Asks: 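Sharing a structure with you now.
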Protein chains: 2
Amino acid sequence: MPERLSGVLDVSVDNVIFGFDENILKVLVIERKPFPDEKKGMSAIPGDLVYPKESLDGAAARVLKDLTSLEGLFLKQFHTFGDPNRVKDLKDQEWLTNFRINPERRVITIAYYSLIKMDEYQLLPSYFAEKADWVDVLEVPDLAFDHNEIVSKALEALRHGLEVDQIGFELLPEKFTLTQLQNLYEIILDKKFDKRNFRKNIKKMEHVIPLNEKQEGVLHKPAQLFKFEKDV
Amino acid sequence: MPERLSGVLDVSVDNVIFGFDENILKVLVIERKPFPDEKKGMSAIPGDLVYPKESLDGAAARVLKDLTSLEGLFLKQFHTFGDPNRVKDLKDQEWLTNFRINPERRVITIAYYSLIKMDEYQLLPSYFAEKADWVDVLEVPDLAFDHNEIVSKALEALRHGLEVDQIGFELLPEKFTLTQLQNLYEIILDKKFDKRNFRKNIKKMEHVIPLNEKQEGVLHKPAQLFKFEKDV
DNA sequence: TTTACTTAGTGTAAAAATAACACTTATTAA
DNA sequence: TTAATAAGTGTTATTTTTACACTAAGTAAA
């Protein structure tokens, strides 16, 4: 009978939150409290251990709320990371010693991503996080553990998800213009589209519905507004 | 400071192994040893707890080998299942009581799938598995825990993977005919293709290489053989 | 009231990809 | 020689994708 072990691994969730704004795509990183002899805490993405009785999706939502105050996001699981040597850095080990009951214990982590409109949410750092901040997706700093790898896999998953699952509409104002929508696609996919062809494609989507309203307060020809209808 | 718990979850891996044969797609299920008062052990897909020092991919491979003797498969992680109530069935609980050190402990499981040629592998059940058998993918029996859900998600992932990642060529003999290849696609995707159009598409794939050889021993016009070249 | 500025909005033609379709060919066995 | 079987092959119509440039509607300033 093979060796049988129990309870020697910890399970965490980590969230890669992408923030979208008219012109840019960012990632949410938190900064840990520094140690007494440190200038600046290490940066990381918001994640923490899963409680014994909660679902993974639930844990992801709770942890995110605890660390950043963000709630109500659509969090999509995309990969589980479990390299036994995920914690290579000395600083990371030190941090674990201070904040975990079993710092030496191996942790596997289930990673989620989400995409939100930056300006609709306020980031309020918590007990654990010195601050929570947006960083450009192309200039992600050195992060704790294997978080840089997690972020880059999340970006792949996000791009894939935008095309396949039509995530993304949540990011726009309730009433949006086609130019705003095109912007969103271009920024996330890092790719330009032809205006006319883009609009032709959108017109095929049944859940993008034209409204009898126009943009107001702009100093040029006002655009028609559209809304997104979830269930068709 | 929020409650912080450690070591209260177990981590397992589960493998959904699809077996392909000229005409059919099957799934590998194992049958557990029955209890003394049972006629027949419950069926399940091969999975077990992860050891403290092994990678997840490594655990998936080891567990699979232990339970079925299959080795050297390409195992692809596709989802992690962690519902706190994964174990609903009374029989499942009973089984855990007999075979796990901490039977009441919640288990999250990282699921993998693979696809192999059935006739190239021999299934040898192990200590834990009464037998290991192939069942038609359309007639999967009631399985332990949430294994039915895992299998159906795996099938989705497989179909997606066949088109996107060109998994699938491992399934064919080293030298194969285009009809065999078409068969494989048709069975896995459960969909018919036009012979001529299919062949046109294959000719675009640089890694499918025609050989100067023909099929032998068939009682009809022998087909040209092709091979699959991994790195282009 | 005219002009300048800004972004919205629109159609067409060429090119590429996909879909539909049926007969001839090479081999073996009787 | 014939019958049986699966292999192999091209063309045309349809659909999808791409490339491309001017006019329209509103605001603000002269």
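As a basis for the values below, the full set of heavy atoms in this structure was taken, side chains included, without hydrogen atoms, waters or symmetry mates. Just so we're clear, the structure is a prediction, and the values are computed from it rather than from any experiment. Quick note on labels: first sequence line is chain A, next is B, and so on, each numbered from 1.
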Asks: Keeping the roles fixed (side chain from A/Asp146, backbone from A/Arg86), state whether a donor-acceptor pair exists under 3.5 Å.
Replies: no
Asks: Starting from P on C/dG9, measure out to CD on A/Gln224 and report it in whole angstrom.
Replies: 6 Å
Asks: Below 3.5 Å, does any donor atom in the side chain of B/Lys203 face an acceptor in the base of D/dT9, or the other way round?
Replies: no
Asks: Quick check for you: to the nearest 0.5 Å, what is the distance between A/Leu225 atom CG and A/Gln215 atom CD?
Replies: 6.5 Å
Asks: Rounded to whole Å, please give me the gap between CD in B/Gln215 and P in D/dA6.
Replies: 11 Å
Asks: For A/Asp92, is there an ion pair with A/Lys88 - N to carboxylate O distance below 4.0 angstrom?
Replies: no
Asks: For residues 191-198 of chain A, which residues have at least one heavy atom under 4.0 Å from DNA chain D?
Replies: A/Asp194, A/Arg196, A/Asn197
Asks: In whole Å, what is the span from the CG atom of B/Leu219 to the P atom of C/dA29?
Replies: 7 Å
Asks: I want to confirm an ordering. Mapping B/Thr179 and A/Lys214 to their closest nucleotides on DNA chain D, which one lands closer to the 5' end?
Replies: B/Thr179
Asks: Distance check needed: C/dG9 P versus A/Leu225 CG, whole Å only.
Replies: 9 Å
Asks: Of B/Thr177 and A/Asn201, whose closest DNA chain D nucleotide lies nearer the 5' terminus?
Replies: B/Thr177
Asks: Of B/Leu67, B/Asn15, B/Asp14, which meets side-chain contact (heavy atoms from CB on, under 4.5 Å) against B/Ile45?
Replies: B/Asp14
Asks: With sequence neighbours excluded, tell me which residues meet ring pair (Phe, Tyr, Trp, His ring centres under 6.0 Å) with B/Phe226.
Replies: none
Asks: Whether the side chain of A/Lys200 and the base of C/dT12 hold a donor-acceptor pair under 3.5 Å is what I'd like checked.
Replies: yes
Asks: Nearest whole angstrom, please: distance from the P of D/dT16 to the CD1 of A/Ile202.
Replies: 16 Å
Asks: In whole angstroms, how far is the C1' atom of C/dT6 from the NZ atom of A/Lys221?
Replies: 12 Å
Asks: Please report, rounded to the nearest Å, how far the P atom of D/dA7 is from the CZ atom of B/Phe226.
Replies: 12 Å
Asks: Does atom NZ of B/Lys117 have more than 12 heavy-atom neighbours, drawn from other residues, nucleotides or ligands, at distances under 6.0 Å?
Replies: yes
Asks: Side chain of B/Asn148, backbone of B/Asp142: donor and acceptor closer than 3.5 Å?
Replies: no
Asks: Taking the side chain of B/Lys204 as heavy atoms from C-beta outward, which of C/dT10, C/dT18, D/dG8 is closest to it?
Replies: C/dT18
Asks: If you check the A/Ala223 side chain, which of D/dG8, C/dT27, C/dG9 turns out closest?
Replies: C/dG9
